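Since the structure is predicted, the reported quantities are computational estimates derived from the model, not experimental observations. Excluded from the calculations below are hydrogen atoms, water molecules and symmetry mates; all remaining heavy atoms, backbone and side chain alike, are included. Convention: sequence-line order gives letters A, B, ...; per-chain numbering from 1.
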2 protein chains.
Amino acid sequence: MMNKSFRDYLRSKGLKSTHQREVVVDLFLRLDTHCSVEDLYHAAQRKDKRIGYSTVYRTLKLLVEAGLAEERRFSGEVTRFELVHRGKHHDHLICIKCGRIIEFTNDRIEKLQEKVAKKHNFKISDHKYEIYGYCSRCKK
Amino acid sequence: MMNKSFRDYLRSKGLKSTHQREVVVDLFLRLDTHCSVEDLYHAAQRKDKRIGYSTVYRTLKLLVEAGLAEERRFSGEVTRFELVHRGKHHDHLICIKCGRIIEFTNDRIEKLQEKVAKKHNFKISDHKYEIYGYCSRCKK
DNA sequence: TTGAAAATGAAATTCAGTTTCAATTAGTTT
DNA sequence: AAACTAATTGAAACTGAATTTCATTTTCAA
């Protein structure tokens, strides 16, 4: 049930596969929203009352370490975690009214970013492009 | 000594010009770094021991309200404030080793951003583009 | 089965950010 | 210039998310 890559990651680090981790990881992989620790905690609670907040928190951190999740913190929001889909980097449009998060990719922007970096003799390791505004449903 | 726009802003809102505000605003305008409340508080303390942290905090918020400063929060960092220079929007390159912040602007990226928004029927109100990596001094 | 190491949940802690409140100050009105 | 009113101040208290602690429980290799 639990993701193979994650189980492999645990083994490689000498960590243990526990019932709680199974539940949390399983839920995280299913829910394909950008969820907060809070969100996942409640979802996990519905499956098993004994799963604590700290465990959810720690499991999400492990998922990030394992490279399966990414931590995002949008302006004025709590930290959210998203599933990393096969090396495909993407950025976000965030609706400031309803909170909807839309992912986008744009190769031409990435190319221009390279140029900007070169101009400043800067070695890029990561970037974050967030566009805030109103989504199609909220703009009128 | 204190910025005219800020004084005007205070009057327009029926707020008062105080010694503390004079000192804090004056320092903020001089220091052209991206400074934290902490930074400014220490600078202000050197000028006048009686200036408290809350006053610095509140004065920075006022500067933002007045449109003279912008609040920025880079990944893993505390909130920083930067002076708004004449309507010129810019983005940032942030060195993950030494913390240096380099500003950049790129019209072509802004244009592409418009396209992305249009494609998703999204009305942009703001954006944030942060590129993390190693600056020229730290990259070797 | 057992023992060592890791994991757990509840509670405590941290830390930046923010608010409260009694005392002080600014600046208008008399 | 004195009085008055509302805004401001600094210290301390509070907030809320994130993180850690710790005694107990669980995993899993030997």
Side-chain angles (χ1 to χ4, degrees), chain A residues 1-2 6-27 34-66 69-81 99, chain B residues 1-2 6-25 34-66 69-81 99:
Chain A
M1 199 95 311
M2 179 159 67
F6 187 61
R7 187 167 272 153
D8 287 348
Y9 177 78
L10 292 179
R11 305 203 103 243
S12 78
K13 295 278 172 182
L15 305 177
K16 292 165 182 173
S17 274
T18 66
H19 166 67
Q20 287 91 329
R21 285 175 179 168
E22 297 268 342
V23 173
V24 174
V25 172
D26 194 43
L27 280 168
H34 292 69
C35 62
S36 64
V37 178
E38 197 69 15
D39 293 340
L40 247 194
Y41 169 67
H42 286 122
Q45 279 278 304
R46 259 173 262 125
K47 293 250 170 188
D48 184 341
K49 282 284 175 203
R50 289 167 310 164
I51 296 177
Y53 178 89
S54 343
T55 299
V56 175
Y57 168 79
R58 288 184 282 226
T59 305
L60 280 167
K61 289 273 159 186
L62 277 175
L63 280 162
V64 171
E65 280 173 42
E70 273 182 20
E71 213 172 316
R72 302 270 176 196
R73 190 180 198 155
F74 302 121
S75 178
E77 277 281 311
V78 296
T79 300
R80 294 185 173 279
F81 294 82
Chain B
M1 199 94 307
M2 180 159 66
F6 188 59
R7 189 165 271 154
D8 288 349
Y9 177 77
L10 292 180
R11 305 202 102 244
S12 78
K13 294 279 174 183
L15 305 177
K16 293 166 182 171
S17 272
T18 66
H19 167 67
Q20 288 89 331
R21 284 175 181 168
E22 296 270 342
V23 173
V24 173
V25 172
H34 292 69
C35 61
S36 63
V37 177
E38 197 70 14
D39 294 340
L40 248 194
Y41 170 67
H42 286 121
Q45 279 277 306
R46 261 175 260 125
K47 294 250 170 189
D48 184 341
K49 282 282 172 203
R50 289 167 311 164
I51 296 177
Y53 178 90
S54 341
T55 298
V56 175
Y57 167 79
R58 288 185 283 224
T59 304
L60 280 166
K61 288 273 159 185
L62 277 174
L63 281 162
V64 172
E65 279 174 42
E70 271 181 21
E71 214 173 314
R72 303 270 176 196
R73 191 179 198 158
F74 302 121
S75 177
E77 276 282 310
V78 296
T79 299
R80 295 184 173 278
F81 294 82

5' to 3' on DNA chain D, which nucleotides open and close the contacts with chain B (atom under 4.0 Å from a heavy atom)? dA6(D) to dA12(D)
Residues Gln45(A) and Lys49(A): closest non-hydrogen pair is NE2-O, 3.1 Å
Looking at every non-hydrogen atom in both residues, tell me the closest pair between Lys47(B) and Val23(B) and how far apart they are. CB-CG1, 3.9 Å
To the nearest angstrom, how far is [X] atom [atom1] from [N] atom [atom2]?
X	N	atom1	atom2	result
Arg73(B)	dT18(C)	CZ	C1'	13 Å
Ile51(A)	dA10(C)	CD1	P	11 Å
His19(B)	dA26(C)	NE2	C1'	14 Å

Close side-chain approach of Tyr9(B) to Leu63(B), heavy-atom, < 4.5 Å: no
Can you find a heavy atom in the side chain of Thr55(A) that is under 4.5 Å from one in the side chain of Thr18(A)? no
How far does CD of Gln20(B) sit from OG of Ser54(B), to the nearest 0.5 angstrom? 11.0 Å
Start at the 5' end of DNA chain C and walk down; is the nucleotide closest to Tyr41(A) or to Arg80(B) reached first? Tyr41(A)
Between Arg50(B) and Glu77(B), name the one whose nearest nucleotide on DNA chain C is closer to the 5' end. Glu77(B)
Name the nucleic acid region contacted by Gln20(B), choosing base, sugar-phosphate or nothing; use a 4.0 angstrom heavy-atom cut-off, strictly under. sugar-phosphate
Could you check whether Arg11(A) gets within reach of a base, just the sugar-phosphate, or nothing at all, counting any heavy atom under 4.0 Å? sugar-phosphate
Nucleic acid contacts - residues 55-63 of chain A versus DNA chain D, non-hydrogen atoms under 4.0 Å: Tyr57(A), Arg58(A), Lys61(A)
From CA spacing to verdict: salt bridge (charged side-chain N to carboxylate O under 4.0 Å, His left out), Glu65(B), Arg58(B): CA-CA 11 Å; Glu65(B) 279 174 42; Arg58(B) 288 185 283 224; over 6 Å; no
Full working for side-chain contact (heavy atoms from CB on, under 4.5 Å) between Arg80(A) and Asp39(A): CA-CA 9 Å; Arg80(A) 294 185 173 279; Asp39(A) 293 340; 3.2 Å; yes
Salt bridge (charged side-chain N to carboxylate O under 4.0 Å, His left out) between Arg72(A) and Glu70(A), worked out: CA-CA 6 Å; Arg72(A) 302 270 176 196; Glu70(A) 273 182 20; 2.6 Å; yes
Residue whose nearest DNA chain D nucleotide is more 5′ - Leu15(B) or Lys49(B): Leu15(B)
In terms of side-chain heavy atoms of Ser54(A), which of dT18(C), dA10(C), dG27(C) is nearest? dA10(C)
Describe, in one word, how the ring planes of Tyr41(B) and Tyr53(B) are oriented to each other, choosing from parallel (under 30°), tilted (30 to 60°) and perpendicular (over 60°). perpendicular
